[in-house]
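Following: one structure in structure tokens, then a few remarks.
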Amino acid sequence: MTTLLSDPNPLFARLPKGPPDPQWWQTIQGIFRPLEYSEAARKRYGDIFTFRFLNAYYVVVCDPQGIQKIFTADPDLFDSGKANAAFFQPSLGENSLVLLDGKRHQRQRKLLMPPFHGERMRTYGRLICEIAEQTVDRWQIGEPFVMRDATQDISLRVILRAVFGLAEGDRLQQLRHTLTQMLEVTASPLRASLLFVPALQRDLGAWSPWGRFLRLRQQVDDLIYAEIADRRQQEPGEDILSLMMSARDEDGKPMTDVELRDELMTLLFAGHETTATALAWAFYWIHHQPEVGEKLLRELDGVGADADPVEVARLPYLHAVCCETLRICPVVLFTFARMLKAPFEVMGYQLEPGTVLLPSIYLTHRREDLYPEPEKFKPERFLERKYSAYEFIPFGGGDRLCIGYAFAQYEMKLVLATAMQCVRLQLANRRPVVPVRRGLTMSPSGGVRMVAIDRRQ
Ligand code: HEM
């Protein structure tokens, strides 16, 4: 079995150069100042460098050719699930797609991918618009609110309805409430350390951070298991839980309750926090640069408020605004780590089994040669140029490509369009908004305070 490359190991000498700072300092920087620290390392060491986090060494890559080599390599060359287990297992469980490798990973992806694409995904269009409208209707003219809370509410409702097929009711409300509380436990940079540092994961009672996390997780589990039990008594529906319950493996065996729970948690977590954050950033940028908002409104006015969601999702400027948002403020800074199971050459380095590769989404999106004036929000760049799957990588790539990439963009477009067509918004203050750690993702500081100034219809 391959294990993570860690001290003491003679192969270190062959890794690309990287910051010489002690491991504990690099770990702290990785949690609290990942953007600044990785930018500085890239400037000093180039497009491939070694970064130390906890007791492991990560080879960070932000060169499109290097990333292409990783994304197009034989998936059997990597253990990804194992390399990411420590960060994801506490929330998602050991049967989560994120933690699987090899045949089991491929099989689960095949099962989970279709509902998030094509015709099946489009059936959720009206639902997304309806949920967005209900939230927008609650915004009071002149009363500031936190946009990220609003987008989280929308994306959580969407995923609970689409994945679980849950109708409004007690269980849906309880799940929404408890999941939100569970995510809050690790929402600040300091509290996010809980997810990264196993030594902090101690249950010292209900008031200790980890104790609280475990108790909330138990409550979420109870709700999920209750739903699974109820659903076993009912006719299967159109939702993703029904689909998973009717799936059989090659021996004809269905998924167990624990497997179902882990996959549901994965979809809930991966599917709503990320989209909520991306949407909050989109609202921020559109209103930070009012000319972007005006151009977008002109495009939306062209199709009208009752347009078919599929037509809305095809609008080119709306698409460009979403892409530019995901480029400039990627919700996750890195793709999942890929641990080598066999020797692999990338960018002139011959890397050995156990080495962990980490394509950097953030650094790739900040390349001056691909994105001139990378710190500026310019949706037009996506109208003027087509970027390859190794240059624009907000959803990662290869056999780990985010299964929800089409769904997330569809949801972003429909929520933005619905809100922009219903109300006029502005930022509630001019305070700078910067990316800060929120669990495993990066989110706008303060959540983006906004205010509705007028209703449009
Ligand atoms: C803006 C929203 C989203 C962003 C930025 C995002 C980003 C990512 C990234 C970067 C990865 C890792 C890919 C890699 O390592 O190559 C990933 C994986 C994944 N995402 Fe997303 N995601 C989003 C929304 C969603 C949604 C809506 C769902 C499903 C409902 C979802 C489900 C998953 C799953 C299950 C994986 C693991 C795939 C695997 O291991 O094979 N994500 N996502």
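Since the model is a prediction, treat every value here as computed from it, not as a measurement. Ligands are counted one by one from 1 in listed order, and the atoms in each one are counted from 1 as well. Only heavy atoms go into these numbers, but all of them, side chains included; no hydrogens, no water, no symmetry mates.
For atom 42 (N) of ligand 1, the closest non-hydrogen atom on the protein side is Cys402 SG, 3.0 Å. Nearest protein neighbour of atom 37 (C) of ligand 1, counting heavy atoms only, is Phe336 CE1, 3.6 Å. Ranking protein heavy atoms by distance to atom 25 (C) of ligand 1, first place goes to Ala270 O, 3.3 Å. Nearest non-hydrogen protein atom to atom 7 (C) of ligand 1 is Pro394 O, 3.6 Å. Residue, atom and distance of the protein heavy atom nearest to atom 6 (C) of ligand 1 are Phe395 CD2, 3.6 Å. When hydrogens are left out, the protein atom nearest atom 34 (C) of ligand 1 is Ile403 CG1, 3.8 Å; that is the closest non-hydrogen contact. Of the protein's non-hydrogen atoms, Thr274 OG1, 3.4 Å is the one closest to atom 23 (C) of ligand 1.
More than 12 heavy atoms of other residues, nucleotides or ligands lie within 6.0 Å of CG in Asp74, so this atom counts as buried by the packing criterion. Heavy atoms from other residues, nucleotides or ligands lying under 6.0 Å from CD of Gln65 number 12 at most. Other residues, nucleotides and ligands contribute more than 12 heavy atoms inside 6.0 Å of the NE2 atom of His117.
Listed by number with element, the atoms of ligand 1 under 4.0 Å from a non-hydrogen atom of Gly396 are 10 (C), 13 (C), 14 (C), 16 (O). Listed by number with element, the atoms of ligand 1 under 4.0 Å from a non-hydrogen atom of Leu97 are 35 (C), 38 (C), 39 (C), 40 (O), 41 (O).
Nearest-heavy-atom check against atom 39 (C) of ligand 1 across Glu411, Gln106, Glu263, Arg109 picks out Arg109. The closest non-hydrogen atom to atom 28 (C) of ligand 1, taken over Gly271, Ala162, Pro359, comes from Gly271.
Remark: the backbone N or O of Leu92 is not paired with any side-chain donor or acceptor of Gln89 at under 3.5 angstrom.
Between Phe407 and Tyr124, the ring centre distance stays below 6.0 Å. Between Phe88 and Phe336, the ring center distance clears the sub-6.0 Å criterion.
The side chain to side chain contact (heavy atoms under 4.5 Å, CB included) test with Phe392 is passed by exactly one of Lys386, Arg327, Arg385: Arg327.
Between His105 and ligand 1, a contact under 3.5 Å exists for at least one N or O pair. Backbone and side-chain nitrogen or oxygen atoms of Arg400 are examined, and one is located within less than 3.5 angstrom of a nitrogen or oxygen of ligand 1.
At a cut-off of 3.5 Å, with distance as the only test, no side-chain donor of Arg52 or Thr27 sits close to an acceptor on the other residue. Counting only N and O atoms by type, the side chains of Asn95 and Arg261 include no donor and acceptor under 3.5 Å apart.
Electrostatic pairing of Glu119 and Arg122 counts as a salt bridge here, judged by a charged N lying under 4.0 Å from a carboxylate O.
Residue contacts with ligand 1, taken as heavy atom pairs separated by less than 4.0 Å, do not involve Val163 at all.
The closest approach between any non-hydrogen atom of Ile159 and ligand 1 is below 4.0 Å.
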